[in-house]
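Here the structure is a predicted model, which is why all the values come from computation and not from measurement.
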Amino acid sequence: MRDSMSGHLRVQQHCLNQVKLAVRKQGFSSQRSLAKEAEFSLATVSNFLTGKPVEQATFEQICRRLCLDWQEIAALNFQLKTPPEDKIPVNSAAKSEKLDTLPPYPNGAVPLGSPFYLERLPLEEQIRQEIKKPGALVRIKAPKEMGKTSLLLRMLDFAKQQGYRTVSLNLEQVDQTILADLNQFLRWLCANAARQLQLKPQLDEYWDEDLGSKISCTVYIQDYLLESITAPIVLALDELNQIFEHPQVAKDFLPLLRSWYEEAKTLPIWQKLRLIVVHSTEIYVPLQLNQSPFNVGFPAQLSHFSLEEVLQLAQRYQLTWENQEKV
């Protein structure tokens, strides 16, 4: 477990989620609070939590703070130092392994457990607490490429850890012909929600043309999905701004979301539903104040990284930006 040359250890990649969960279980609200309690620098704690090498004594002390067995999570046969590159044959397995561990080019959502994800605190903890509330509505907004989907992945993972069931629907994946028709869109939403909850769609049993698609959809969610699943259900709608391109559908669907949120105030069964909506643009669909889902619930506005956060991210990508002018 220990490199005899350097005396450094790092957390195994598959144990990173376990370590981050331990941080929350032990009551630390952030990396900074853990660093202060353990009397280490923020950079050292960040290295530990992202699978980067730290001195063995430091590694063991942080593990004790988190009530973790350091021998179970430490990487086996870890070597901090590697032979000079010119000593390694070009076609050797060692060379291939080195190439495989190079930092990925930043593109798209950051996978769970990735050491290159920079946690947004205290915002993420606020969202986690909000998701626990009956009938919650969380609104995540930011321009494109700001990390909305990466954040959403982690909030859904947190919900699963609580024993909740999750449904994640990305509106970019919906055909424009479906988005342009309210009835088709609501049937698409219900059918995909059922499949992700491992239920048969059974749309025709609940759809009634005389009642209309909005009532049919609401009855389907209440009498079928919420009744069939005992645990709370987190319904996440990513790229909700796609529906803004279809004003007539948006004028019906957005108030429908608001109505589901309001139902939780009077009907206990709707308290099992937790909504997360994610969008990247301003809402330019005219809605009455009491019909909009964008003036209720918890607003999560993602901001640009601070100077300190940029330096942390650069460190994780192995960039030596000691001169802050470069940032």
Side-chain angles (χ1 to χ4, degrees), residues 30-31 50 103-112 114-131 136-159 166-176 179-180 185 189 234-247 249-251 253-255 257-258 261 274-287 289 292-317 319 321 324-327:
S30 64
Q31 294 183 17
T50 55
Y105 184 82
N107 183 34
V110 182
L112 292 174
S114 170
F116 303 104
Y117 179 77
L118 199 62
E119 192 171 7
R120 297 175 183 269
L121 295 172
L123 181 62
E124 293 193 22
E125 183 57 33
Q126 292 173 332
I127 296 175
R128 284 192 283 265
Q129 294 305 316
E130 197 69 24
I131 290 173
L137 169 61
V138 176
R139 299 178 280 115
I140 301 175
K141 178 191 172 187
K144 285 188 174 294
E145 306 302 327
M146 285 281 287
K148 299 185 299 301
T149 302
S150 298
L151 172 60
L152 178 60
L153 286 174
R154 281 148 183 84
M155 296 304 100
L156 291 174
D157 183 61
F158 168 78
T166 62
V167 175
S168 181
L169 303 176
N170 188 330
L171 269 59
E172 279 191 331
Q173 299 174 349
V174 188
D175 294 346
Q176 289 299 311
L179 275 177
F185 173 64
L189 185 151
V234 178
L235 171 60
L237 299 173
D238 198 2
E239 296 294 344
L240 186 64
N241 43 279
Q242 292 293 319
I243 208 167
F244 302 163
E245 304 297 327
H246 304 276
V249 174
K251 285 180 182 179
F253 179 63
L254 297 177
L257 288 179
R258 170 67 178 262
Y261 170 77
R274 321 292 161 86
L275 292 168
I276 303 178
V277 296
V278 183
H279 62 100
S280 59
T281 60
E282 294 293 338
I283 303 93
Y284 49 82
V285 178
L287 296 171
L289 288 178
S292 174
F294 300 108
N295 55 16
V296 292
F298 179 79
Q301 174 81 46
L302 301 193
S303 59
H304 293 286
F305 286 146
S306 65
L307 174 63
E308 182 183 80
E309 288 170 330
V310 172
L311 290 171
Q312 284 185 44
L313 193 60
Q315 183 184 48
R316 296 184 189 187
Y317 277 92
L319 301 175
W321 286 1
Q324 294 187 0
E325 292 181 2
K326 292 183 180 180
V327 178

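Interatomic distance, H246 NE2 to L171 CG, rounded to the nearest 0.5 Å: 9.5 Å. Atom CG of residue D157 and atom CG of residue L112 lie 5.0 Å apart, to the nearest 0.5 angstrom. Distance check: I127 CD1 to I131 CD1 gives 7.0 Å after rounding to the nearest 0.5 Å. A distance of 7.5 Å separates CD in Q312 from CD in Q315, rounded to the nearest 0.5 Å. Note that OH of Y117 is 14.0 Å distant from OG1 of T50, once rounded to the nearest 0.5 Å. To the nearest 0.5 Å, atom CD1 of residue I140 and atom CG of residue L240 are 12.0 Å apart.
Closest approach of L137 and P293 over heavy atoms only: CD2-O, 3.5 Å. The two residues R139 and G297 come nearest to each other via the heavy atoms NH2-O, 4.2 Å. Closest non-hydrogen pair, L153 versus V110, comes out as CD1-O, 3.9 Å. Here the closest non-hydrogen pair linking L302 and M146 is O-CE, 3.7 Å.
Judged by distance alone, the side chains of Q126 and E130 never bring a donor and an acceptor atom under 3.5 Å apart.
Using a distance-only test at 3.5 Å, with no hydrogens or angles considered, a donor-acceptor pair links the side chain of R258 to the main chain of S292. With hydrogens and angles ignored, the 3.5 Å screen pairs a side-chain donor or acceptor of R120 with a backbone N or O of S303. A donor-acceptor pair is defined here as one N or O able to donate and one able to accept, closer than 3.5 Å; such a pair exists between the side chain of R154 and the backbone of S150.
With sequence neighbours excluded, no residue forms a salt bridge (charged side-chain N to carboxylate O under 4.0 Å, His left out) with K148.
Annotation: side chain of E119 is not in contact with side chain of E125 (no heavy-atom distance under 4.5 Å).
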(Q) Using the rule given for side-chain contact (heavy atoms from CB on, under 4.5 Å), can you reason through I276 versus V234, listing the C-alpha separation, both sets of side-chain angles and the distance that settles it, and then say yes or no? (A) CA-CA 7 Å; I276 303 178; V234 178; 3.8 Å; yes
Q) Where do F294 and H279 land on the ring pair (Phe, Tyr, Trp, His ring centres under 6.0 Å) test, with the steps shown first? A) CA-CA 11 Å; F294 300 108; H279 62 100; 5.2 Å; yes
Q. Stepwise, does the side-chain contact (heavy atoms from CB on, under 4.5 Å) test hold for L235 with L169?
A. CA-CA 8 Å; L235 171 60; L169 303 176; 4.2 Å; yes
Q.
With side-chain contact (heavy atoms from CB on, under 4.5 Å) as the criterion, how do L257 and L237 come out once you've worked through the C-alpha distance, each side chain's angles and the decisive distance to 0.1 Å?
A. CA-CA 11 Å; L257 288 179; L237 299 173; 4.0 Å; yes
Q.
Would L179 and V249 count as a side-chain contact (heavy atoms from CB on, under 4.5 Å) here? Give the steps.
A. CA-CA 7 Å; L179 275 177; V249 174; over 6 Å; no
